[in-house]
Novice: 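Let me give you the structure first, and then I'll get to my questions.
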Protein chains: 2
Amino acid sequence: MGNQKLYKGSLQTIILKLLASNTKMYGYEITQKVKELTKGELKITEGALYPALHKLEADGLLDVEVAKVGNRLRKYYKLTENGTRETASKLEEMQEFLKTMQHLVNPKFGLE
Amino acid sequence: MGNQKLYKGSLQTIILKLLASNTKMYGYEITQKVKELTKGELKITEGALYPALHKLEADGLLDVEVAKVGNRLRKYYKLTENGTRETASKLEEMQEFLKTMQHLVNPKFGLE
DNA sequence: CTTATATACCTAAGTTTTTTATGCATTAGA
DNA sequence: TCTAATGCATAAAAAACTTAGGTATATAAG
């Protein structure tokens, strides 16, 4: 697991992207999916995740649907229309960011 | 200028990388260089830069050398030996991070 | 000549986002 | 029956930054 510090600021985008690909997901599922997809590189803590989900919901980007599975509850989140738009926008910003950073830290860079 | 939020956590690495490529630089020069290299995508604010430089110096990663140019002073920073080691390490973490994020937000991802 | 912009340093208060540390409850497995 | 996994949550603290100042010199424009 590398420098978790670098992931600061990208949590919202990660959540939105997952919901764009998976229609609906619940919190715990998101933490597991991210751990799996990143091969353990990134572990989303619950202390970060739940407040983030609540904020996205409050901002109108996510809708919640509570389900009871056995005797335990799950809160399924999915994108609203606005959420879908915002996701596209945030993904573009992310791509731009990644391109810029790649360029900045490229080992060849600055030697030209 | 995209989402500045995404750059949170990467300032130290950016500074170190620049000093690895340019031997010595002063604060203002760093802000200008980053603006130029990123074509305005990233603007490092002085309120973020100077505290970061001071911290890197306090951590023993940078050495300072004060120079007088005309009637104005400049503080040139350069990597210490430890700083050079840390830079290599941080650049590896950055590459890992970029790879992981690229993978996570890849549009094709999650559709397989 | 005076005013705006660029150069060059700095700090402090406030905000945002995350970590760390809890808490509660259910279910499955050893 | 005890531990780990599932599933939600919050609250205090830390970290990193933005915003908003402050000081001073140099230079270009009007």
Side-chain angles (χ1 to χ4, degrees), chain A residues 1-16 24-36 40-59 61-62 64-77 90 93-94 97 101, chain B residues 1-16 24-36 40-59 61-62 64-77 90 93-94 97 101:
Chain A
M1 183 171 43
N3 195 343
Q4 298 285 112
K5 191 165 73 171
L6 294 173
Y7 291 90
K8 268 176 196 279
S10 48
L11 180 56
Q12 277 197 12
T13 305
I14 292 172
I15 293 172
L16 293 174
K24 70 174 187 176
M25 297 181 84
Y26 56 98
Y28 186 75
E29 189 184 9
I30 292 176
T31 66
Q32 300 308 300
K33 194 71 179 172
V34 167
K35 193 156 65 176
E36 175 204 331
E41 244 276 305
L42 175 57
K43 281 166 187 153
I44 293 182
T45 61
E46 300 182 330
L49 177 69
Y50 291 112
L53 285 172
H54 300 160
K55 185 177 191 321
L56 289 169
E57 189 197 348
D59 290 348
L61 305 186
L62 299 185
V64 197
E65 178 198 322
V66 180
K68 221 176 173 188
V69 177
N71 220 333
R72 193 190 271 158
L73 55 81
R74 280 183 192 167
K75 289 191 171 177
Y76 281 98
Y77 290 90
K90 281 196 189 296
E93 282 172 5
M94 177 60 78
F97 161 71
M101 276 312 297
Chain B
M1 183 171 42
N3 194 341
Q4 298 285 111
K5 192 164 72 171
L6 294 173
Y7 290 92
K8 266 177 194 279
S10 49
L11 180 57
Q12 277 196 12
T13 305
I14 292 171
I15 293 172
L16 291 174
K24 69 175 189 178
M25 296 182 86
Y26 56 99
Y28 186 75
E29 188 184 10
I30 292 176
T31 65
Q32 299 309 300
K33 193 73 180 174
V34 168
K35 193 158 63 179
E36 175 203 330
E41 243 278 304
L42 176 57
K43 281 166 188 152
I44 293 182
T45 60
E46 300 182 332
L49 176 70
Y50 290 113
L53 286 172
H54 300 161
K55 185 175 190 322
L56 289 170
E57 188 197 348
D59 290 347
L61 306 185
L62 299 185
V64 198
E65 180 199 322
V66 181
K68 222 175 173 191
V69 177
N71 220 332
R72 194 190 273 157
L73 56 78
R74 279 183 192 167
K75 289 192 173 179
Y76 280 99
Y77 289 89
K90 280 196 187 300
E93 281 171 7
M94 177 60 78
F97 161 71
M101 277 311 297

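Residue numbers begin at 1 in each chain, while the letters A, B, ... track the order of the sequences.
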Novice: Could you give all pairs that pass the salt bridge (Lys or Arg N to Asp or Glu O under 4.0 Å) test and reach residues 66-77 of chain B, with sequence neighbours left out?
Specialist: none
Novice: Hey, which of these two, A/Lys8 or A/Arg74, hits DNA chain D nearer its 5' end, going by closest nucleotide?
Specialist: A/Arg74
Novice: Check nucleotides 20-22 of chain C for protein N or O atoms closer than 3.5 Å to its own N or O atoms and list the pairs.
Specialist:
none

Novice: Working to the nearest 0.5 angstrom, can you tell me the gap between A/Leu42 CG and A/Leu11 CG?
Specialist: 8.0 Å
Novice: What range of DNA chain D does chain B touch, first nucleotide to last, counting atoms under 4.0 Å from its heavy atoms?
Specialist: D/dA16 to D/dA26
Novice: Between B/His54 and C/dC9, is there a contact of a side-chain N or O with OP1 or OP2 at under 4.0 Å?
Specialist: no
Novice: Please report, rounded to the nearest Å, how far the P atom of C/dT7 is from the NZ atom of B/Lys75.
Specialist: 20 Å
Novice: Mind checking whether A/Val34 and A/Ile15 have side chains closer than 4.5 Å, heavy atoms only?
Specialist: no
Novice: Where along nucleotides 25-30 of chain C does protein come under 4.0 Å, by heavy atom, of base (B) or sugar-phosphate alone (S), with - for untouched nucleotides?
Specialist: -BS---
Novice: Grab the CG-P distance between B/Leu53 and C/dT11 for me, whole Å please.
Specialist: 11 Å
Novice: Return the value, rounded to whole Å, for the distance between atom CD1 of A/Ile15 and atom C1' of C/dT18.
Specialist: 12 Å
Novice: What's the spacing between B/Leu56 CG and B/Leu62 CG if we round to 0.5 Å?
Specialist: 4.5 Å
Novice: Specify the separation, in whole Å, of atom CG of A/Leu56 and atom P of C/dT17.
Specialist: 10 Å
Novice: Could I get the full list of side-chain contact (heavy atoms from CB on, under 4.5 Å) partners for B/Lys33, not counting sequence neighbours?
Specialist: B/Leu18, B/Met25, B/Glu36, B/Leu37
Novice: Return the value, rounded to whole Å, for the distance between atom CG of A/Leu6 and atom P of C/dT19.
Specialist: 12 Å
Novice: Sort and list the pairs that fulfil salt bridge (Lys or Arg N to Asp or Glu O under 4.0 Å) and have at least one residue in residues 45-59 of chain A, not counting sequence neighbours.
Specialist: A/Lys55-A/Asp59
Novice: Just to verify, what does A/Tyr77 make a ring pair (Phe, Tyr, Trp, His ring centres under 6.0 Å) with, not counting sequence neighbours?
Specialist: none
Novice: Check whether any side-chain N or O of B/Tyr26 sits under 4.0 Å from OP1 or OP2 of C/dA8, and answer yes or no.
Specialist: yes
Novice: A/Ile44 CD1 to C/dT19 P: how many Å, rounded?
Specialist: 9 Å
Novice: How long is the span from the CD1 atom in A/Ile14 to the NZ atom in A/Lys90, to the nearest 0.5 Å?
Specialist: 12.0 Å
Novice: Rounded to the nearest 0.5 Å, how far apart are NZ of A/Lys5 and OG of B/Ser10?
Specialist: 9.5 Å
Novice: For the side chain of B/Glu29 and the backbone of B/Tyr26, is there at least one donor-acceptor N/O pair under 3.5 Å apart?
Specialist: yes
Novice: First locate atom OH of B/Tyr76, then atom NZ of B/Lys24, and finally report the distance between them rounded to the nearest 0.5 Å.
Specialist: 5.5 Å
